[in-house]
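Just below is one structure, and these are the notes that go with it.
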Amino acid sequence: MDHSKNCDHGLAEIEALLRREQELVTQLRALILPQLHNVDSGSAELAAQLFDDVIGCSTSVVSKLFTAGSGATIELIDDKSLVRKKSPSTAAAAAIDDKMDEQAKPSCIVGRKRRRNDGKRSRSLVTNVPHYDGHQWRKYGQKNINGRQHARSYYRCTYTERNCSATKTVQQQDRDGGGSIYSADAGEDQGAKYTVVYYGDHTCKAGDNISNNIID
DNA sequence: ATCATTTGACCGGG
DNA sequence: CCCGGTCAAATGAT
């Protein structure tokens, strides 16, 4: 009966669910694609495209929900705009902003930021498995970000010189402070979350022999 | 040999 | 200036 209590809770839940879905689909993709590629590379490519479309739909839904919402433009898309500090006096706000990383902000905040989606469309998602999204990437840079624990890696599509201008960045999220420490081992990817931001579109063509088995 | 990753330099925007 | 994104030479891997 008390459905749609307030837009805040609903949107927050929806956002969390969508992110969860993206994460799961990403894991599934990382599981399926390498196997399938060993069997039939053509099917693997089709599957990769399908996975891309599914995730694309999901991210589009997120974008439309949270950017075209009721007048509130939220920077769900990762831009350079996030590091903006509005209140100089509020140290707590700065801390929150720092902790929030570049994305995954709560949904319905009052913070109506400006949309600087000009020329750069970027899709960001969080996953345990940042590798094997069905495309091949070549790393071209790595930088330490301001106060971040882990470096940010910059990748371009392997076929950049030919067709593809797609780009992505991978940043491991800080697994610290109040997080449950599962295995205190020499931090492996288990349980680690990565924020992956995709820029540009893949125009890679199919049919190239991809030597896979770069599985970690 | 080729190709990918590494790593500091470089550069442009805020 | 600082910060962060890219370049490119050196290094590593195959």
Side-chain angles (χ1 to χ4, degrees), chain A residues 29-30 33-34 37-38 41 44-45 48 59 67 73-105 111-176 186-189 192-216:
Chain A
R29 171 224 261 158
L33 278 187
H37 195 275
N38 287 334
S41 58
E45 266 187 47
T59 54
T67 68
T73 347
I74 301 199
E75 66 289 4
L76 187 123
I77 310 292
D78 176 64
D79 253 351
K80 316 177 177 180
S81 52
L82 243 302
V83 206
R84 180 176 198 172
K85 300 174 181 177
K86 299 181 70 174
S87 319
S89 60
T90 328
I96 289 179
D97 193 64
D98 192 44
K99 220 159 205 170
M100 274 310 177
D101 204 351
E102 303 149 345
Q103 64 127 25
K105 290 224 168 182
R112 44 187 74 88
K113 297 296 173 69
R114 84 266 197 222
R115 46 187 175 169
R116 185 157 294 275
N117 273 348
D118 121 295
K120 288 188 175 180
R121 43 192 71 126
S122 60
R123 294 84 63 188
S124 70
L125 63 89
V126 177
T127 178
N128 292 331
V129 193
H131 331 280
Y132 265 60
D133 46 6
H135 293 109
Q136 294 198 241
W137 303 95
R138 159 179 120 251
K139 190 183 206 173
Y140 70 91
Q142 171 170 326
K143 285 287 276 195
N144 279 327
I145 304 306
N146 204 335
R148 201 72 337 151
Q149 228 171 35
H150 303 274
R152 174 179 302 173
S153 298
Y154 301 85
Y155 297 88
R156 314 182 76 162
C157 186
T158 307
Y159 312 107
T160 289
E161 312 298 338
R162 306 179 182 178
N163 305 322
C164 202
S165 61
T167 283
K168 80 168 176 180
T169 65
V170 174
Q171 164 127 21
Q172 181 175 352
Q173 295 180 352
D174 284 355
R175 161 194 277 274
D176 202 2
E188 282 310 312
D189 22 303
K193 302 240 173 147
Y194 301 84
T195 299
V196 184
V197 186
Y198 293 93
Y199 301 92
D201 298 307
H202 281 284
T203 48
C204 314
K205 70 172 193 172
D208 248 2
N209 46 355
I210 307 174
S211 57
N212 68 347
N213 277 343
I214 320 178
I215 316 180
D216 198 20

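Residue numbers begin at 1 in each chain, while the letters A, B, ... track the order of the sequences.
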Quickly work out the [X] [atom1] to [N] [atom2] distance and round it to whole Å.
X	N	atom1	atom2	answer
A/Asn146	B/dG14	CG	P	17 Å
A/Arg138	C/dC7	CZ	C1'	11 Å
A/Ile145	C/dC2	CD1	C1'	12 Å
A/Arg148	C/dC3	CZ	P	14 Å
A/Lys143	B/dC11	NZ	C1'	11 Å
A/Gln142	B/dC10	CD	P	20 Å
A/Lys168	C/dG5	NZ	C1'	17 Å
A/Gln171	C/dG5	CD	C1'	13 Å

Is the distance from OP1 or OP2 of C/dG5 to the nearest side-chain N or O of A/Tyr154 less than 4.0 Å? yes
OP1 or OP2 of C/dC7 versus the side-chain N and O atoms of A/Arg156: is any pair under 4.0 Å?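 Yes, within the criterion.
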Using the test ring-ring contact (aromatic ring centres under 6.0 Å, His included), find all partners of A/His135 that sit at least two apart in sequence or belong to another chain. A/His202
Quick one: closest heavy-atom pair of A/Cys157 and A/Trp137, and the distance? N-CE3, 3.6 Å
Minimum heavy-atom distance between A/Asp201 and A/Arg123, given as atom pair plus value: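 Here A/Asp201 and A/Arg123 meet closest at OD1-NH1, 3.7 Å.
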N/O to N/O distances under 3.5 Å, protein versus nucleotides 8-14 of chain C:
unit_1	atom_1	unit_2	atom_2	d
C/dA8	N6	A/Tyr140	O	3.1

Only counting residues at least two apart or in another chain, list the ones meeting side chain to side chain contact (heavy atoms under 4.5 Å, CB included) with A/Ser153. A/Lys139, A/Gln142, A/Tyr155
Considering residues at least two apart in sequence or located in another chain, which fulfil the side-chain hydrogen bond (donor to acceptor under 3.5 Å, both in side chains) criterion with A/Tyr198?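 If we apply the side-chain hydrogen bond (donor to acceptor under 3.5 Å, both in side chains) test to A/Tyr198, skipping adjacent residues, the hits are A/Asp133.
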Which value, rounded to the nearest 0.5 Å, describes the distance between A/Gln149 atom CD and A/Gln172 atom CD? 8.0 Å
